[in-house]
Every structure is written in structure tokens, then in C-alpha cells.
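Taking it in order: structure first as C-alpha cells, then the write-up.
Naming convention: chains lettered A, B, ... in sequence-line order (proteins, then strands); numbering from 1 in each chain.
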Protein chains: 2
Amino acid sequence: MVESSEEKKRISESTIHRLSIYYRALSLLEKEKHETISSKELAKREKLTPAQVRKDLSFFGSFGTRGLGYNVVELKQKIAGILGINRQWRVALIGLGNIGSALVSYKEFVRQGFNIMKLFDNDQRKIGSNHKGIIVSDIKNLESELKEANIEIVIIAVPATVAQYIVDNVVEAGVKAILNFAPINLRVPPDVYLRNENMSMELEYLSFAMVNNHTPKRVKI
Amino acid sequence: MVESSEEKKRISESTIHRLSIYYRALSLLEKEKHETISSKELAKREKLTPAQVRKDLSFFGSFGTRGLGYNVVELKQKIAGILGINRQWRVALIGLGNIGSALVSYKEFVRQGFNIMKLFDNDQRKIGSNHKGIIVSDIKNLESELKEANIEIVIIAVPATVAQYIVDNVVEAGVKAILNFAPINLRVPPDVYLRNENMSMELEYLSFAMVNNHTPKRVKI
DNA sequence: TGTTTTATGTGAAATGGTTCACAAATAAAA
DNA sequence: TTTTATTTGTGAACCATTTCACATAAAACA
């Protein structure tokens, strides 16, 4: 069964996140020269269940061989296709503070086809400077430069106080996907995808777990 | 009803993450001088449902007043207590690459009581240098210095290739909570809490959503 | 070639999480 | 005070996700 982008099957967020996990595991397996992998072995490696692995994949097709398992290279490519990372994405990053600066050099992004092509900041000392081969643009020119560079995804790494204002401009420029690192809940129109990255949240989870002797059934997906 | 740390109620991960969200929202409401907030209004602000807010809180007690809502300051303190962020945590950070360096200056951590007291790296050029008032230690002395400083939480920001080795040492030093930024699945004993922060995952979700015209019912908690 | 073993793919059952709906309690208004 | 309007707290209903269990198919072996 082949997935078409028209059919609005409800794939859960957890399934999509696990696909990311499978992809990463398969990349490693490829390096380790494994030719095939069973759902059992893949599950064991990532602390999941074999049924979960098979069920997740079954939403998108049947990629395995009974009695053998999955071909590592082939499954990796299939998942890349499902996740849309078998192509290059044009990304802009706004805000070159601590987090922003770190993300410019984050190799994992490039490895998955997320190419940061544009950098923006409002600080005169940063504007015009060169970060990893990219000249930092003035935030004043945000809208026109986002359009001009055909940016598809924007990463927000500005202070919470100005994040909503920036996002409004990004939306105005026609960008449909935003990854937000500012610790605030942003408003976007319904046709814009917004995801939040909250780095304190997992520390808070650890804190909660320790204080409450929490016993989770299994690790977070 | 009061929560005791002995009773092993199964609180879902989602509930805990939403408590983080409520806490953040309440901090903002406090600044904005709101005295009380209803579940309806809080839900609206964070794109959740009123029933969800009330149900989440009900697992830990009844903190509201019927006909009025919740007292902002009081509820914030209650949640801080539940999450264990009404105290200070002694944190160490290992790896001063891009991500590690950014995290040292991440104000959100300090604001929630997560104090980075120790920094470790294996690079001779970094060892002995001063980051935000902390002298970088040699990773060779990891175990003894973690113990000596009574570190409770360790943040791993080293390359994936060495992460497991480092974690084994951290566990050996008796640390029971680890936040991992390396893109790899780490093994820890069952009594050690491990959480993973995977910054590519949310970009992959955006990519998936765009390629598949995905229509999530609501935004990620 | 036939038999045994392994492992997938998937309905169905079980589990877990969210939303509903309403009694109870308090605030606000009359 | 009494009435009306709000809003909480929570079982029960509903919905989503995970796990089970097994038919099916291919591989491995005899």
C-alpha cells in the first residue's frame, strides 16, 4: 500500500517521532555494515517493542521480507521519503544569541537535508559578520530576503519578548513552517506549521521524576 | 487530596509536560499582574482544553476556587513543588562544543533552579578556561569531581561516538539523572533517569507535515 | 523438494489518555 | 439574604495508541 499525500490518514505524532528514531538507527546500522534488521532487533536497540516498529511502518506500506526482516539501506531510504528528508530544505535562522549561534554549526541539521541559507539578527555588531560562510542580514529586511531566498522553514531563536512580532513577519513572508526555540506560545494561522523546542522541559521532567520517584513504563519516544 | 511520593500513581508524560507549560504561563500571568486565572482562560492561552487543565491539576490536588478559578501565585508555587523546581539542582555539563557552550549561558535553566556548577571537556585548549565563572575541568577527573561537587543532574553534550563511554562514567559516579543531547540511544541502569533532547526531530516533523499535508488535531504539548 | 524456522503485516483486544457533562461550591448580583 | 452566574473537580464515555496473537510468507535447512 502506497501513501499518497491526498489521503488524510491520521498518523500520530509518536509514530512520526519514532520514524526519526528508526532513521537514525538505520544510519548507524548502515555504517556498521548490517544488511538486514528485524523488527525485534531494531526494537531492542531503541528500547521499543517489535510490534510497535512493525505497526508504525505498516501505516506507510510493507517494506520487510517475512522470515528475514528489513533491508537496512532500503528501509532507510523509504523512511527518508516518508519524512521528506530525501531532499534539501531551505532554512533561515533568526537570532544569533547562544542558541542561534550553536544551531548554525549543528551538523545533524545538514546531515538531514536542512540547510541554513540565511541568518538574521537586529544587533549592528552582528549584522554583516560571517557565520560559517553566511553573512548575517539585518532583521529589518526579513520579509523581502526570506521571499527572495525562497526560504521554506524558519528557526526562531530570539528572546521570548520579540518572538511573536518576528513570527508575524515570517508568516507575512509566506513561510509555512516554523521551529520555535523561544519559551513562549506563539500564534500562527492554521495553514502554518509550528513546532516548539523547549529545552527546559526535559530537565523539569527529570526533576519531577526524582522528586516523585516516578516510574515511567518506558523512555520517551 | 495530597500527593505523597510513596504512592506510585501513574502520571503520564504528557501531563508532566503540560505542567511545565502551565508553570511558564503562570510566570507570565504573574508578571502581568493577574491575580486569578480560570482553566478556560489558561487553556485558551496555551491552546489546550479547560477540561485538560483541570484534569491534569486534579491528579495532584484541588488548587482552585469554584466560581473564581485559580490564584496565579499560589498555583505557580504548587506546580513548582510538583515539578521539583522550588529548589536548586546541582548540574554538570559535559562537552563544550556548539551546543554545550550555548547551554552554559541558557538563562531559562537558572531561572528554574538548574544551576550548572561544573563543566567538563577533553580538549586541552578548553580545560582551565573560564566559562561564565566556571573553570572547565578535565574529563579525566570526571568521576571524582562529580562526586566531590555532589552533582545531581548531568547534561551530555559530547559527540555521539563517545557519549556511551561518558555516560557509563557518569553512572559510575552515582548520578541518577541524565539529559542527553547526543543523537544516540544510551544505555543506563534502571535506577537512572535518562531523557533525550533531539533537536532534529522537530524539524523532521515539520518536513513530514509539509510533504504529507499533515493535519494534526492540535499542536504538540 | 518438503519441513522447519523465522519474521512480517494486521485485525482485534487491551490499555491509556482526553473530553464530556454535571454535581457541588463559591462568587457576584439582585 | 436569596438568586443567578461561574467555575471547579471528577466519574464516565469516548477516542487513540499500543500490544497481542496469529495467518501468511519467505528463508534456511534437511
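- Checking C:dT26, C:dT10, C:dC20 against the side-chain heavy atoms of A:S58 singles out C:dT10 as nearest.
- Using a cut-off of 4.0 Å between Lys/Arg side-chain N and Asp/Glu carboxylate O, B:R195 and B:E13 are scored as salt-bridged.
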Cut-off 3.5 Å, no hydrogens considered: what does the side-chain donor-acceptor table look like for residues 75-91 of chain A, sequence neighbours left out?
residue : atom : partner : partner atom : Å
A:K76   : NZ   : A:E30   : OE1          : 2.8
A:R87   : NH2  : A:E152  : OE1          : 3.1
A:R87   : NH2  : A:E152  : OE2          : 2.7
A:Q88   : OE1  : A:N115  : ND2          : 2.4
A:W89   : NE1  : A:G84   : O            : 2.8
A:W89   : NE1  : B:S207  : OG           : 3.2
A:R90   : NE   : A:A149  : O            : 2.7
A:R90   : NH2  : A:A149  : O            : 2.9

One pair to check against side chain to side chain contact (heavy atoms under 4.5 Å, CB included): B:L19 and B:L57. What are the steps and the verdict?
CA-CA 8 Å; B:L19 288 181; B:L57 296 175; 4.2 Å; yes
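- Regarding A:K55, its NZ atom lies at a distance of 7 Å from the P atom of C:dG11, rounded to whole Å.
- In the set C:dA7, C:dA24, D:dC20, C:dA7 carries the atom at the smallest distance from any side-chain atom of A:S38.
- Listed pair A:Y70 / C:dT6 fails the phosphate criterion, with no side-chain N or O lying under 4.0 Å from OP1 or OP2.
- Per the geometry, CD belonging to B:E13 stands 16 Å off C1' belonging to C:dT18, to the nearest Å.
- Of the two residues near DNA chain C, A:G67 and A:L57, the one whose nearest nucleotide lies more 5' is A:G67.
- Atom C1' of nucleotide C:dG17 and atom CZ of A:R10 are separated by 15 Å, given to the nearest angstrom.
- Per the geometry, CZ belonging to A:F59 stands 9 Å off C1' belonging to D:dT18, to the nearest Å.
- For B:R54 and D:dT6, the CZ to C1' distance is 11 Å, given to the nearest whole Å.
- Taking only distance into account, the side chain of B:R66 never meets the base of D:dT7 through a donor-acceptor pair shorter than 3.5 Å.
- Contacts classified as salt bridge (charged side-chain N to carboxylate O under 4.0 Å, His left out) and involving residues 94-115 of chain A (residues at least two apart or in different chains) are given here: A:E108-A:R111.
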